[in-house]
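Because the structure is a prediction, the values reported are computed rather than measured.
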Amino acid sequence: MTEYLNQLNAAQREAVETTEGPVLVLAGAGTGKTRVLTTRFAHILLSGRAYPNQILAVTFTNKASKEMSERIASLIQQPVEGLWLGSFHKICAKMLRINAHLVGLTSNFTILDTDDQLRLLKQIIPAYPIDTKTTPPQLILGIIQSWKDKGYSFGNLSASEKANPEKAIIQEIYRAYQTRLQQLNACDFGDLMLHVFNIFNQYPDVLQKYQRYFKYILVDEYQDTNIIQYLWLRMLAQRSGETSNICCVGDDDQSIYSWRGAEIENILRFEKDFPEAKVIRLEENYRSTQNILGAASELIDNNSQRLGKTLQAANKNLQNDKVQVSSLWDSDEESRLICDQIIGLQKEGHHFGDMAILMRTGSQTRPFEERMITLGLSYKIIGGLRFYERAEIRDAIAYMRIVAQPNDNLALERIINVPRRGVGKVALQKIHETSRELDVPLLQAIDYLLINNLLKGKIYTELTQLMNLLDQTRKKVEAEGHISAIDYLLNACGYIDMWKQDKSPEATGRLENIKELFQATAEFPTLVEFLEHISLIMDNDDLSGDDKINLMTLHAAKGLEFNIVFLPGWEEGLFPSQRTMDESGNNGLEEERRLAYVGITRAKQRLFISHAANRQIYGQWQSSVPSRFIEELSDTYTKKISHIKQSQNRSPRKNDFFDSYSSPKFSKQPVQGASFSQPQRTYTPSKSKNIPVGSRVFHQKFGHGTVLSTENNKLEVDFDKSDIKHVIDSFVTLES
């Protein structure tokens, strides 16, 4: 029965067999964390210390809990039923169903998703004096959820939150929101934990029942817990006068989610919370070579917020190439080098699927995607869309298409109400009907409706502004070039401001992607050539086969592993991120270093790090210095190679065309982000050209024809190479 223990190393076995008292297992990358958790669970069952329903096992995802359940069943060789095993929210939902009456709900309460939460919030907000343009519902919901993640009900906010005048109204909205939820017999995901936490506080007998019920508590990924998760676990584990049999498994060196509420302090203070705690370090790594692990350890040793451990390779016989750190002249050479290395590795027998390029930001994927398409290399984006599939990129390209080709109905439909212009279903239907009736593109149909005053009020003003803006942009393309013109267009139409005002976590990344798109346009002499390039890329996107190079951000890579890993863009400001350091100071820097540690420890056999002396960031060539993280890697584990030729005295190309989206440096005249408070051109009903019946006319689409009849400004024309059409006289020219 103890054969399963013989498969563990000494530290793993200690973590499994130390069943009594609080235990913190510091599980480094690749050291068998999941094996320890599942084996410990099985060991408690097989040794008769508890029944299955007396063990509480908490994970962060349903996927992780399912994997644990399957492994436990395999170890004990029988199905496991009635387990309290699941994610924090799943466990709390189960507890809340049992105790719903204590918070004014019934056991069949509904759990609202994000869309339903926003819909409910939008019903409440109009009753309060709040400007949804500066404080959109998404921001309000985010603040409410952050309060719930910290354990704050609307009646017990912290003193600092109560004193914040900007959040005073949101506190009232929070109260109304919770009241409506209770009336609907519903709760959101934040409530699942908050309600149970409040029940434990207000009803000690309920808390004591669960404390007696769970003889053992197991927690996965403890470094990623937020405040309310930490408080909830501590309440369950700290039993008065009894030993706390809680085992938390985590890695303080892989805490990289502070931006979504994770508190590294939770794992760092474990011994303070449980003074009798035993700390067990898993340092034997079964994934990577010693050089990779040595580099990772050197790097993370520079952090002060850690409990400390040193990873060692379990298999000393692995091929142990040094980590290669490459210095390149610019970011274009970096993408070429990495793709060349990938081709070389494939020729050596490595599969594309065993390789990954891990980047600090999602916008960094574009040059690699384009290079791979050029070379015919198959790739996939993990945890996100490919660059040109992202919504903000498709929007921006649609604006470019309607400038280059006014007859592009699909592009116009995409952007006509982005940002919002009040063009609803009725107005759009009217535009389509006019387009069909006159047999003209949508843009010409809008022109006709405006000329004849067939659109009124806000729609008239908004569409007049849009038509003026498109006209001006086309003129700027001719006078100043497409880069300046498109920069002007996206600012003046309000698209950039739309994302600047968006308070969702994704908004910053979307702006970065748009800036990266500007960089792409700068690589082509004309707008038409750029759009043709995009069409070819999308058409040439072959997704057949399973053997693809993996592209993803470092955050998306956590928990994954690859034989060969490339880590590009290791430069100050990019990685570590300047924005993160500006916002969070030394804490931000240490989290960036943990993110670098995660990236390094994804590699099993080979690791390539690179940095460029010049990088085109958001359309500007900027000189870069190597990341401080590279300076923290010694020659013991790394081999540093410079690909910059000594004779290469050239400076980076100069096409930095804008500073911050609004003032192209090479514009002939300063570009103003026009607000268009008044239409620059006022449409008035057009007068008929009085084209006589029998006249010969020319239409740009239908060619030459003869006028059969007239009615005001409408003509019935028999075209030489088409059927009889009804057209507007402003769309034809009279032949002499």
Side-chain angles (χ1 to χ4, degrees), residues 19-24 37 40-45 48-62 64-65 68-69 72 80-109 111 148-153 156 187-222 224-250 266 270 273-274 276-277:
T19 57
E20 309 308 305
V23 177
L24 176 62
L37 266 174
R40 182 183 173 92
F41 196 118
H43 179 67
I44 291 170
L45 294 178
R49 289 176 167 82
Y51 293 109
N53 60 1
Q54 293 178 311
I55 304 172
L56 173 64
V58 190
T59 66
F60 267 84
T61 65
N62 292 324
S65 61
M68 270 191 68
S69 181
I72 292 165
V80 283
E81 304 293 341
L83 295 183
W84 284 81
L85 167 61
S87 66
F88 280 95
H89 290 105
K90 181 179 179 180
I91 295 293
C92 282
K94 187 175 180 179
M95 289 180 171
L96 188 56
R97 297 278 182 203
I98 297 170
N99 301 283
H101 62 285
L102 298 177
V103 290
L105 300 174
T106 62
S107 60
N108 64 338
F109 61 82
I111 302 173
K148 291 183 179 183
D149 287 345
K150 294 174 182 175
Y152 296 151
S153 300
N156 69 337
C187 61
D188 59 26
F189 279 99
D191 286 327
L192 294 175
M193 292 213 70
L194 184 62
H195 281 325
V196 174
F197 174 68
N198 288 334
I199 288 170
F200 285 174
N201 271 318
Q202 296 168 22
Y203 301 93
D205 56 320
V206 177
L207 173 60
Q208 290 168 10
K209 180 185 74 173
Y210 284 110
Q211 287 175 333
R212 290 192 302 269
Y213 196 69
F214 299 126
K215 296 180 66 175
Y216 296 93
I217 299 174
L218 305 179
V219 187
D220 190 16
E221 303 284 11
Y222 190 59
D224 291 335
T225 52
N226 61 26
I227 291 175
I228 196 169
Q229 291 164 344
Y230 161 78
L231 293 172
W232 178 79
L233 285 167
R234 195 176 66 174
M235 292 175 80
L236 284 170
Q238 291 181 334
R239 301 181 293 183
S240 177
E242 296 185 43
T243 302
S244 300
N245 294 331
I246 182 172
C247 175
C248 293
V249 181
N266 294 348
F270 188 86
D273 291 331
F274 303 97
E276 69 277 26

Verdict with supporting geometry, Arg97 and Phe109, side-chain contact (heavy atoms from CB on, under 4.5 Å)
CA-CA 8 Å; Arg97 297 278 182 203; Phe109 61 82; 3.6 Å; yes

Could you walk me through whether Ile55 and Ile217 pass the side-chain contact (heavy atoms from CB on, under 4.5 Å) test, one step at a time?
CA-CA 6 Å; Ile55 304 172; Ile217 299 174; over 6 Å; no

Would you sort out whether Leu85 and Leu218 count as a side-chain contact (heavy atoms from CB on, under 4.5 Å), showing the intermediate values?
CA-CA 9 Å; Leu85 167 61; Leu218 305 179; over 6 Å; no

Asp220 vs Phe60, test: side-chain contact (heavy atoms from CB on, under 4.5 Å). Steps then yes/no.
CA-CA 7 Å; Asp220 190 16; Phe60 267 84; 5.8 Å; no

Under the criterion side chain to side chain donor-acceptor pair (under 3.5 Å), I'd like the reasoning laid out for Tyr203 against Gln208: C-alpha separation, chi angles, the key distance, then a yes or no.
CA-CA 9 Å; Tyr203 301 93; Gln208 290 168 10; over 6 Å; no

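Using a 30° and 60° split on the angle between ring planes, Phe270 and Phe274 fall in the tilted class, from 30° to 60°. Relative ring orientation between His89 and Phe189 is described as perpendicular, the plane-to-plane angle rising above 60° on a 0-90° scale split at 30° and 60°.
Residues Ser65 and Gly86 approach most closely at CB-CA, 3.6 Å, considering heavy atoms. Listed here is the closest heavy atom pair of Lys215 and Arg49: NZ-O, 3.0 Å. Nearest heavy-atom pair, Asn198 versus Ser153, reported as atom, atom and distance to 0.1 Å: ND2-OG, 2.9 Å. Of all non-hydrogen atoms in Val58 and Trp232, the two that sit nearest each other are CG2-CZ3, 4.1 Å. Minimum interatomic distance between Arg239 and Ser244 (heavy atoms only, all atoms of both residues): N-OG, 4.1 Å. Of all heavy-atom pairs spanning Leu233 and Thr225, the tightest one is CD1-CG2, 4.5 Å.
Summarising the geometry, atom CZ belonging to Phe197 is positioned 6.0 Å from atom CD1 belonging to Ile228; distances are rounded to the nearest 0.5 Å. Put simply, CE on Met95 and CZ on Phe200 are 4.5 Å apart, with the number rounded to the nearest 0.5 Å. To the nearest 0.5 Å, atom CG of residue Asn266 and atom CD1 of residue Ile227 are 7.5 Å apart. The line from CD of Gln54 to CZ of Phe214 is 10.0 Å long, rounded to the nearest 0.5 Å. If you take CD on Gln229 and CG on Asn226, they are separated by 3.5 Å, rounding to the nearest 0.5 Å. Here Gln202 contributes atom CD and Leu102 contributes atom CG; the two are 9.0 Å apart, rounded to the nearest 0.5 Å.
When atom types are taken as modelled, the side chain of Gln211 and the backbone of Met235 share a donor-acceptor pair closer than 3.5 angstrom. Within the 3.5 Å criterion, the main-chain N or O of Gly21 finds a donor-acceptor partner in the side chain of Asn245. Panel note: side chain Thr59, backbone Thr61; a donor-acceptor pair is recorded below 3.5 Å. For the pair Asp191 (side chain) and Leu194 (backbone), a donor-acceptor distance under 3.5 Å is absent.
Residues Ile246 and Leu236 have side chains not in contact (no heavy-atom distance under 4.5 Å, counting atoms from C-beta outward). Looking only at side-chain heavy atoms (C-beta outward), Phe88 and Leu192 stay at 4.5 Å or farther from each other.
Only one option out of Asn99, Leu56, Val196 pairs with Tyr210 in a side-chain contact (heavy atoms from CB on, under 4.5 Å); it is Asn99.
A donor-acceptor contact closer than 3.5 angstrom links the side chains of Asp273 and Tyr230.
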